[in-house]
Every structure is written in structure tokens, then in C-alpha cells.
**Student:** 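For reference, the structure I am asking about is given below.
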There are 2 protein chains.
Amino acid sequence: MIDDASARERVVRAADELFYTRGVQAVGMDAVRTAAGVSLKRIYSLFASKDELIVAVLRHRTEIWDAGLASASERATTARERILAIFDFLDAWFREPDFRGCAFINTHGELGASSSAVADAVREQKASFQAYVARLVDELPAPPELAPQLAILAEGAQTTAAIAGTPDAARQARAAAETLLDAAAR
Amino acid sequence: MIDDASARERVVRAADELFYTRGVQAVGMDAVRTAAGVSLKRIYSLFASKDELIVAVLRHRTEIWDAGLASASERATTARERILAIFDFLDAWFREPDFRGCAFINTHGELGASSSAVADAVREQKASFQAYVARLVDELPAPPELAPQLAILAEGAQTTAAIAGTPDAARQARAAAETLLDAAAR
DNA sequence: TATCGTAGAGAACGATCGTTCTCCGCGCAA
DNA sequence: TTGCGCGGAGAACGATCGTTCTCTACGATA
């Protein structure tokens, strides 16, 4: 048998992939158990309910997102470059063959109305991203109003790319961000 | 008994409100029948399946959205004003107490992976909105690249407002749109 | 070796879903 | 008035869901 931490991670990773690919409600706990190789009894000893598993999956996605963002901004030296790196990160993500939009937006649309725990987890992640952008804008000579504008561009690019099925929105949002940055620096 | 057209409209309107408030999959056909006051047998004689009803609801939403947009731009005299009127329209919408995000984005997140008919209907509506923005931009002395940037702002404002639960994103997106318009006119 | 606790596999359970079917009552034609 | 067809109400059906329970096998301990 494997320890609780490993079992937990296997369940979360398997559920994450299934939920993202097919949608949360379309995936039964039986499918999670098969994909994770962890018995239903064990899953329910690690998570009180499917709702709790969903929240754990969202937290796992948050870590992946934060790590991807940090890695994308590594090569950048200025705050402006780190801001634009967000859109390059989106561009690479949109080009992945299994890209299906932002998991947080999708899950919020699916369960935000019926599960406040899910809605809270999604809101937390978005607030954390907005705070990240705000910190970068703070390093610029730019008014703080710029930060939510850039965050809105990133959000819009994600839904637009997901629905259109093309990665164009990343490049378009990046160009808009450059214009906003230039105007703020003026 | 009422005629087919009236029954159809009653079913679509009832389903629209229920789907938007609770999410599509959370609403059973029994709830639609009760809210619409139309028997299940009748509903299934008007729509072959729930999937078909969902698509009809999305088309109904498209008409409402188009009418709202047209009405919001009535007072505007220039293309620039009509573009900014989009964000005023969003602002008023976000302030409605039962605002729960864009129904197209929500439904796409919920069913886009499992129903291609739903995904197509959503994609159509978004493409139609982008074409509307592109027509307005065409009237300006501005490069056509501005249009998708403005559309991305509108999309981002909708998801941001839905998740955050506040209408702030409309004002922020409008300010960004003004900056982009100014930069394009330069 | 004998016994006990535990974990895995999956059957079982109750609820709910989309969809179909049955039954009943009403309106209309002859 | 009598028979008929059609529509409404909702029961029924089969599938599937989240969750729990049963049964079996195995490993550690005395």
C-alpha cells in the first residue's frame, strides 16, 4: 500500500486531468478511481466528498499556474517584461493540444452557482493573480488602475481562446497590454 | 391548449432562467416543465432532446444580447461612442442582482467538452459579437487589430465580474478601451 | 501457526436524471 | 348521445451518479 500523501496526490492528479478534459460533472468517482488506481474507500477516507476533491483539484491547479507563471517570468529582467511574459505564457498554453480554457473559469461556470466552496476557491485564485499583476505594476512608474486592466485582458484572452479554439487571443491581448503600458508610461 | 410557437417560447424562457440561475446540468426537465407549465410530452414534441433545448436557449440569449447591445448604442452618435456604450451596457448588466456571468461562457465551460452543438452555438455568438465590434472599428480611423483587443476586454470583464461578484470590471475595461482608442487615433 | 485488523474490489443503495409510456378526461364529428 | 382522437399529468423505466457496505485476502504479531 502507498502512504496517504502519495495516494492523495495520485487521486488529485487523475481527477484534475479528467475534470479538465471532460468537465467536472461528466466524470464519475468510478472514473477517478480507475484512473488513479486508488480504491473508492480510500478516496473517501482522503476526501469527505466529491466537492472536497474538486476544491483540492483547484488548489492543485493554482500551484501549477503559479509555478508556470514564475517560470515564464524568470527570463524577464524588468517589471514590464514580466508583465508581457504573462501573455507569452498564455500563448504557449493556448497552443497545447489539450487546451480547453481556464479550469477555474470552467469550473465556476459549472458549479459556481451550486457550490460556494468551489466559487470561493475560484475567487481566491483570481484574486491572487490580480495581486500578482498589481505587484508588478507597482514596480512601474504607472498608476495602480493599470493592474486590473491587464488582468482583464488575461482573463478575456483565456475565454476567447477556449471558445474560438485558436491561440490568437494571446498575441492580441499582448499587443493591447503593450499599448496600455506605453500609455501609462507616457 | 396553446399553439406550438407560444409553447416553445414559454419553454425556452423558463429553461433560460433556470439554466442561467442554477447551471444547465443542475436543472432537470421536470423543473423546466413545472416552470413553463408545458407537459413533458409537449416539450419533447417541440425539442428532440435536452441538448436541442439548450441550443434553443442559447439562440434566445443571443437575440436578447443583440437587442440589449443595439438599445445601448442608440444614444451614441459616433462609432467611438458606440464602442464605449458596450462597456456601459456591461456595467448596467453586472449590477443586476441576478447577474451570474455570461451564459455562453458558463455553458461552454459546462458542456463545451461533451456537446459539440453547444460549443458551436457559443462559438457562433462570440464570433457574431467580434464581427459587431469589427464593424464599429472599421468606421474609425483605426487599424483592424483594435477590434479583437476590445472584444477581449469585454470578455475579460464578464468573467472577472462574475467571479469577483462586483461590477468594477466594467468600469476598468471601459477605461482600458478608451486608452486603446486614444492610442489608435493618434 | 492462529488471529486480528486493514485495505482493495466492486456490489449495493438510494436518489436523480433524461426520456417514454400509460391512463384519463375533454372536445368534436356524425 | 356516442365514439374517437388528442393532449396533459405524471408514473415508469433504464441508466448513472455519489456514497456506503460487504466480502475476501493478506500481512503483522504473539
**Student:** With respect to the side chain of B:Met29, which nucleotide from C:dG18, C:dT20, D:dT19 is positioned closest?
**Tutor:**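 Minimum distance to the B:Met29 side chain belongs to C:dG18.
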**Student:** Compare the minimum distances between each of D:dA11, D:dT19, D:dC21 and the side chain of B:Leu40, then state the nucleotide with the smallest one.
**Tutor:** D:dA11
**Student:** Rounded to whole angstroms, how far apart are CG on A:Leu46 and C1' on C:dA7?
**Tutor:**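 Rounded to whole Å, this separation is 12 Å.
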**Student:** How long is the line joining CZ of A:Arg42 and P of C:dG10, in whole Å?
**Tutor:** 17 Å
**Student:** Among the nucleotides D:dG8, D:dG18, C:dG8, which one has an atom lying closest to any side-chain atom of B:Ser39?
**Tutor:** D:dG8
**Student:** Between B:Arg123 and B:Asp120, does at least one N-O distance fall below 4.0 Å, as a salt bridge requires?
**Tutor:**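 Answer for the salt bridge query: yes.
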**Student:** Given C:dG10, is OP1 or OP2 found less than 4.0 Å from the side-chain N or O atoms of A:Arg33?
**Tutor:**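 So the side-chain polar atoms of A:Arg33 do come within 4.0 Å of the phosphate oxygens OP1 or OP2 of C:dG10, strictly under.
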**Student:** If you go through the side-chain atoms of B:Lys50, does one of them form a donor-acceptor pair with the base of C:dG18 closer than 3.5 Å?
**Tutor:**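 Answer is no: no donor-acceptor pair is held.
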**Student:** In sequence, state the C-alpha distance, the side-chain angles, and the governing distance for A:Phe87 and A:Trp93, and then conclude on ring-ring contact (aromatic ring centres under 6.0 Å, His included).
**Tutor:** CA-CA 10 Å; A:Phe87 297 94; A:Trp93 180 33; over 10 Å; no
**Student:** Could you state the atom-to-atom distance from CD1 of B:Ile54 to C1' of C:dG18 in whole Å?
**Tutor:**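 Rounding to the nearest Å, CD1 of B:Ile54 and C1' of C:dG18 are 11 Å apart.
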**Student:** Does the Lys NZ or Arg CZ of B:Arg61 fall within the cation-pi geometry relative to B:Tyr20 - under 6.0 Å from the ring centre and within 45° of the axis?
**Tutor:**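 Positive - B:Arg61 is close enough to the ring of B:Tyr20 and near enough to its axis.
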**Student:** Which nucleotide wins on minimum distance to the side chain of A:Lys41, given the candidates C:dG8, D:dT20, C:dG18?
**Tutor:** C:dG8
**Student:** Could you tell me how far apart A:Asp30 (CG) and D:dC17 (P) are, to the nearest whole angstrom?
**Tutor:**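 Checked: the CG to P distance equals 8 Å.
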**Student:** Step by step, would you call B:Glu124 with B:Ser128 a side-chain hydrogen bond (donor to acceptor under 3.5 Å, both in side chains)?
**Tutor:** CA-CA 6 Å; B:Glu124 267 175 43; B:Ser128 148; over 6 Å; no
**Student:** So A:Val32, base contact, sugar-phosphate only, or nothing? Heavy-atom distance under 4.0 Å.
**Tutor:** nothing
**Student:** In whole angstrom, give the distance that lies between atom CG of B:Leu18 and atom P of C:dC17.
**Tutor:** 12 Å
**Student:** Do other residues, nucleotides or ligands put more than 12 heavy atoms under 6.0 Å from A:Glu178 CD?
**Tutor:** yes
**Student:** Could you give the CD-to-C1' distance, from B:Glu52 to C:dT19, as a whole number of Å?
**Tutor:**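 Value for this atom pair: 14 Å.
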**Student:** If I take atom OH in residue A:Tyr44 and atom P in nucleotide D:dG18, what distance separates them, rounded to the nearest angstrom?
**Tutor:**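 Taking atom P of D:dG18 as the reference, OH of A:Tyr44 is at 6 Å.
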**Student:** Could you state the CD-P distance from A:Gln25 to D:dG18, rounded to the nearest angstrom?
**Tutor:** 9 Å
